[in-house]
Amino acid sequence: MAQFLRHGGRVAALVAVVFMVATACSKSSPTTPSNTIFVQKFRYHGVPATMTSGIHQFLFENKESFQITHEMIPIALPSGKTAQDVINAAKAPGDAGPASEDMWLHIGGDFGTADTGASVVETLYLPPGNYAFACWQTGTQSGGENGPPHASIGMVAQVTAT
């Protein structure tokens with residue numbers, strides 16, 4: 001019995017140390033993203049119309065009901081430009097549509113691609129201004145890789161940082 005209590009005490013002490021370390025680490029690790037944006041039916045959902053300028057952490061989730069790759073590219077919108085201008089540029093004929101991505105100033109990090117069921121976390125600094133998130137991936141709902149840039153079919157969302 002004494003031997004059990006001695007080992008049980010060591011186990012309890014070890015559990016307490018692990019708990020304290022885990023608690024200390026969790027306080028210094030990143031918090032839950034303050035902005036969750038997901039894509040479904042080739043549309044971004046959860047993008048606020050306005051947000052305060054500063055540092056924001058975003059969780060981008062691909063919740064399509066079929067297998068496809070999407071992305072969420074943050075771009076700065078020049079004065080007088082809107083999300084509709086991004087859509088119109090992506091609709092340009094030939095190779096100009098997919099190449100329209102290079103017309104826009106990419107800001108912060110690149111969220112990268114997310115296949116169906118996957119997610120990406122990114123932190124951005126947004127000074128005051130107008131921005132958009134856009135997808136230039138070209139996959140189709142039927143599983144084809146070639147198709148129009150998703151931005152050309154409306155996969156663009158605008159946000160203003162104040």
Side-chain angles (χ1 to χ4, degrees), residues 22-23 25-162:
T23 303
C25 290
S26 69
K27 289 180 182 176
S28 64
S29 62
T31 59
T32 302
S34 57
N35 301 282
T36 298
I37 298 170
F38 68 94
V39 63
Q40 220 170 32
K41 297 182 181 180
F42 292 93
R43 295 289 184 266
Y44 293 111
H45 300 273
V47 178
T50 60
M51 56 192 341
T52 59
S53 63
I55 297 173
H56 295 273
Q57 190 172 57
F58 295 87
L59 171 64
F60 168 56
E61 301 174 303
N62 182 343
K63 292 186 175 185
E64 293 287 14
S65 61
F66 48 89
Q67 289 300 312
I68 194 161
T69 300
H70 287 305
E71 63 189 355
M72 192 168 98
I73 305 296
I75 58 173
L77 293 174
S79 180
K81 297 292 183 180
T82 67
Q84 189 61 52
D85 293 305
V86 178
I87 294 168
N88 293 343
K91 287 181 179 181
D95 291 335
S100 70
E101 179 179 356
D102 295 333
M103 294 174 52
W104 309 99
L105 175 64
H106 293 219
I107 58 162
D110 180 348
F111 281 75
T113 59
D115 294 329
T116 300
S119 60
V120 179
V121 174
E122 185 67 49
T123 302
L124 295 176
Y125 171 70
L126 297 175
N130 294 314
Y131 303 93
F133 297 115
C135 179
W136 278 276
Q137 293 293 310
T138 59
T140 64
Q141 184 172 350
S142 63
E145 292 182 18
N146 296 320
H150 299 164
S152 72
I153 57 174
M155 198 169 163
V156 179
Q158 187 169 334
V159 62
T160 299
T162 58

**OP:** Let me see the working for Val47 and Phe58 under side chain to side chain contact (heavy atoms under 4.5 Å, CB included), right down to the final yes or no.
**Re:** CA-CA 10 Å; Val47 178; Phe58 295 87; over 6 Å; no
Mind checking the [atom1]-[atom2] spacing from [X] to [Y]? Nearest 0.5 Å is all I need.
| X | Y | atom1 | atom2 | answer |
| --- | --- | --- | --- | --- |
| Ser65 | Lys63 | OG | NZ | 13.0 Å |
| Asp85 | Leu77 | CG | CG | 8.0 Å |
| Phe60 | Thr36 | CZ | OG1 | 12.0 Å |
| Gln137 | Met155 | CD | CE | 9.0 Å |
| Leu124 | Phe133 | CG | CZ | 6.0 Å |
| Thr69 | Glu64 | OG1 | CD | 10.5 Å |

**OP:** Decide side chain to side chain contact (heavy atoms under 4.5 Å, CB included) for Met72 and Val120; before the verdict, give the C-alpha distance in whole Å, the side-chain angles of both, and the deciding distance to 0.1 Å.
**Re:** CA-CA 9 Å; Met72 192 168 98; Val120 179; over 6 Å; no
So, for [X] and [Y], which heavy atoms are closest and what is the spacing to 0.1 Å?
| X | Y | answer |
| --- | --- | --- |
| Pro149 | Gly97 | CG-C, 3.8 Å |
| Val156 | Ala134 | CG2-CB, 4.0 Å |
| Asn35 | Pro48 | OD1-CG, 4.5 Å |
| Ile75 | Ile107 | N-CG1, 4.1 Å |
| Pro98 | Trp136 | O-CD1, 4.0 Å |
| Trp104 | Ala76 | CE3-O, 4.3 Å |

Original post:
Yes or no on side chain to side chain contact (heavy atoms under 4.5 Å, CB included) for Gln57 and Val121, after CA distance, side-chain angles and deciding distance?
Top reply: CA-CA 7 Å; Gln57 190 172 57; Val121 174; 3.7 Å; yes
**OP:** With sequence neighbours excluded, give me every side chain to side chain donor-acceptor pair (under 3.5 Å) pair touching residues 147-159.
**Re:**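 Residue pairs with at least one partner in residues 147-159: His70-His150.
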Original post:
Are Phe66 and Ser142 close enough that some pair of their side-chain heavy atoms sits under 4.5 Å apart?
Top reply: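 A side-chain contact under 4.5 Å is absent here.
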Subject >> Short side-chain to backbone donor-acceptor contact, Thr160 and Asn130, under 3.5 Å >> reply: no
**OP:** Test Cys135 against Phe42 for side chain to side chain contact (heavy atoms under 4.5 Å, CB included), laying out the working first.
**Re:** CA-CA 9 Å; Cys135 179; Phe42 292 93; over 6 Å; no
